[in-house]
**Student:** 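Below is one structure. I have some questions about it.
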Amino acid sequence: MTTDRLMALDLLVSVLTAAAWVSAGVAAAARRPRAAGALFAVALVASLARVWSVLALAGAGWWFVQEKITVVLPLLVAAGAAATALAGPRLLRAARRADAASRDAVRAPAVVVPLLGAGYAAAAGIVQTFLIGYPADPGTALLLLAVAAGAVLGTWRAMSTRVPGLRTATAATAAAAVLGATLAFVPSAETTAEGSAPGGTAAMAATGSASHDHSASGGSASVMGGATRPVTDLRGPAVPPPGGAVRRFELTARTATVTLSSGRKVSAWTFNGQVPGPPLTAVQGDLVEVRLRNADITSGVTLHWHGYDVPSGEDGVPGLTQEAVPPGGEFVYRFVAAQVGTYWYHTHEVSDLGVRMGLYGTLVVTPKGTAATGLDLTLPVHTLGGATVTGDRDQPLVRQAAPGTPVRLRLINTDNTPHRFTLEGTPYRLVAVDGTDLNGPGTLGRVGLRLAAGGRYDLAFTMPPGPAVLRIDDRTDSVRLVPASGPPGDGAGAKGASATADAGAVPAAGSRTADWPELDLTRYGAPAPTPYTARSRFDRDFTLVLDRGFALTNGRPMYAHTVNGAAFPDIPTEVVREGDLVRLTVVNRGRETHPWHLHGHRVLVLSRDGRPVTGSPLWLDTFDVRPGEVWEVAFRAANPGLWMNHCHNLSHADLGMMLHLAYEGVTTPFHGAHSG
Ligand SMILES: [Cu+2]
């Protein structure tokens, strides 16, 4: 059984357990000895099943059961054993006789209170898992225990005027609650001490791994007494490398009403009045220079180069690498187009809202010295105003291409959730993922390609004699390529493949692509040597356990998306030294998918759920960690700076699921409390 299924089963059993104990108590209180006896038996079986489900889940890793083993099961077992010992014999006797006397006997507090108490304990376990999550700490455990004990006392008092030792027990419970709450919610002295340094100069311990972020007053990383450099010094060059050209672009962020191809109007946040923003293209080795202006986006705007390993000072993270550009302001980004492939740019200020509203565009870098041949389509997929928009169209994009023409489709998921793509009518290959070419990608047919939020797939094929249809999420015909007359390369190239909204024969809705199995990327393509492997010696090892729970997010208590039990900005910064080989283990304990995205670095996938990659090496900048999954990835710390490391479901990031990766010695003059 998959970890995801086990988690779901464990949840089901935990709810059943709590319900059975409470129902047994209620039935007893209602003077129904037979029903109470039967429910008591169900509760016992359910409790045993719960012990089994937790132990089974433990096989997936300690992260999935930590709070269950240390808090939830001990509480359930203790309360269940007490209920069995206290209420069990009486219940069994009464259930056998079921006369008036036995009906009165089972409504005694000595029967009802232990049964309900076991129910409260079981419910407290559910609360622990779902409201507090990973990891369990003594404070929240004590608080939950106090709440359950308080409920037992309250029930007992409601049933009987004489509760022995009520005052003492109430006082002890209240004290435990206060102590638990204090331990759980008052920040530790260590955290506050670190946060007290003045803005921008706060020092981190040189070893770093235990350091905390200190957003309240400055989010820099520096080595005490060592050489430091501000992130603002880590900028791109002013001139291109020899042989490179300068590609200049101007992007002005402004609110506008955009008209989709269907004629529908959507009020949006735009670059240069359009959604997506202007496509940026460059040839490898060029210097890209982008002047960003903000006309009227009141919350401010920046440009982040998703998947592009720019110098840290060009990374566009407000409060960390620059201030957000306010209305009337501007910022110039410069970086060398060193990586070839498909990328995108987007604002990183209030990015959940900003990107959703339209502040994004594509960045494609082609290899030097290769003339463009065939049809090369860049297809960002976005949900705008409720419509699925491919490029700038909310209707199918129809293109003509002569049979035999080489076609490349660059799929970019600019949404918060994954999209599934299928291509009908032609065999094809998935030639690049997140901008990096795969090794030896085989021919694909009837498969679904699941693309993580923020991720990119490049598909390549030769235009067939018939139509080829790209579908999104098995419903929208997104792109239809229809054969054009004329030989390939003669009018069918990039120039000749004209965009026509209503051209020619349109293929009928094809087979049921929803049934097509999903391609497992970790087994696709051919293996190739990599600079490091799972057996390498790692200089740093970080584990991120993703979950939900109550936590402070930017100072406000929220039902947050948490990392190791904390939310931004309280998640400890990962500190690395330049040259370190770093392993990152990302564990998803939650019920939602988290597309994990590290800025400034591509990561090599080592394993998913303990299974190594057996296909082409996978270099990703965004990887979908689905519920129950464990990903191990590695990267070389070769791009000094201060970087975001976050969930690219930007609404999750907004609810706390982000942290910093900082190189020792790099400081920021900004406030450091990057949100968005
Ligand atoms: Cu997420």
Side-chain angles (χ1 to χ4, degrees), residues 2-4 7-8 61 63-64 129-135 213 304 306-307 317 344 346-348 350-356 360 381-383 412-420 434 450-456 473 542-554 556 558-572 574 584-599 601 603 605 608-609 620-633 643-661 674-676:
T2 62
T3 308
D4 184 32
M7 290 195 302
W63 314 291
F64 294 101
T129 293
F130 285 90
L131 297 191
I132 296 155
Y134 178 93
D213 199 326
H304 167 62
H306 187 111
V317 179
W344 62 299
H346 62 81
T347 184
H348 223 285
V350 290
S351 57
D352 180 32
L353 181 64
V355 176
R356 198 154 18 97
Y360 69 95
V381 174
H382 195 78
T383 305
I412 307 175
N413 184 354
T414 62
D415 272 329
N416 273 345
T417 50
H419 283 301
R420 178 183 151 99
D434 286 3
R450 178 176 149 131
L451 181 54
R456 287 88 59 213
D473 301 329
F542 299 111
T543 300
L544 304 178
V545 180
L546 314 181
D547 203 354
R548 290 211 78 165
F550 279 109
L552 291 178
T553 307
N554 289 314
R556 287 168 300 155
M558 299 285 237
Y559 189 46
H561 285 280
T562 57
V563 179
N564 300 341
F568 187 84
D570 297 329
I571 305 166
E574 294 169 340
L584 202 57
T585 303
V586 186
V587 180
N588 186 352
R589 269 179 51 114
R591 309 294 311 154
E592 292 168 83
T593 292
H594 299 299
W596 203 258
H597 175 55
L598 170 64
H599 286 205
H601 305 75
V603 300
V605 180
R608 188 182 64 190
D609 288 341
L620 306 178
D621 53 63
T622 319
F623 51 98
D624 244 351
V625 187
R626 301 191 217 183
E629 283 190 345
V630 178
W631 286 65
E632 278 185 312
V633 304
W643 303 100
M644 295 305 296
N645 192 15
H646 67 101
C647 179
H648 216 280
N649 182 325
L650 298 173
S651 67
H652 295 180
D654 201 34
L655 278 172
M657 199 169 260
M658 54 184 170
L659 63 146
H660 293 159
L661 175 96
H674 164 67
S675 54

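Every value quoted in this text rests on a predicted model; they were computed, and no experiment measured them. In each ligand, atom 1 is the first atom listed, and ligand 1 is the first ligand listed.
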**Student:** Does one side chain, of Asn645 or Glu574, offer a donor that lies under 3.5 Å from an acceptor on the other?
**Tutor:**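 Yes - a donor-acceptor pair under 3.5 Å links their side chains.
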**Student:** Indicate yes or no for a side-chain donor-acceptor contact from Thr562 to the backbone of Asp547 under 3.5 Å, with no hydrogens or angles considered.
**Tutor:**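 Side chain of Thr562 to backbone of Asp547: a pair is present.
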**Student:** Is Asp434 paired with Arg456 through a side-chain N to carboxylate O contact shorter than 4.0 Å?
**Tutor:**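 Looking at Arg456 and Asp434, the cut-off is met.
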**Student:** Which residues and atoms, protein N, O or S only, are under 2.8 Å from the Cu ion (ligand 1)?
**Tutor:**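 Listed by chain and number, the nearby protein N, O or S atoms are His594 ND1, Cys647 SG, His652 ND1.
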**Student:** Over 60° means perpendicular and under 30° means parallel, so tell me whether His304 and His599 are parallel, tilted or perpendicular.
**Tutor:**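 Judged by the thresholds at 30° and 60°, the geometry between His304 and His599 is parallel.
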**Student:** Got a salt bridge between Asp4 and Arg626, using NZ or NE/NH1/NH2 to carboxylate O under 4.0 Å?
**Tutor:**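 Salt bridge: no.
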**Student:** Could you pull out all residues at least two apart from Thr622 that satisfy side-chain hydrogen bond (donor to acceptor under 3.5 Å, both in side chains)?
**Tutor:**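 Result, side-chain hydrogen bond (donor to acceptor under 3.5 Å, both in side chains) vs Thr622: His306.
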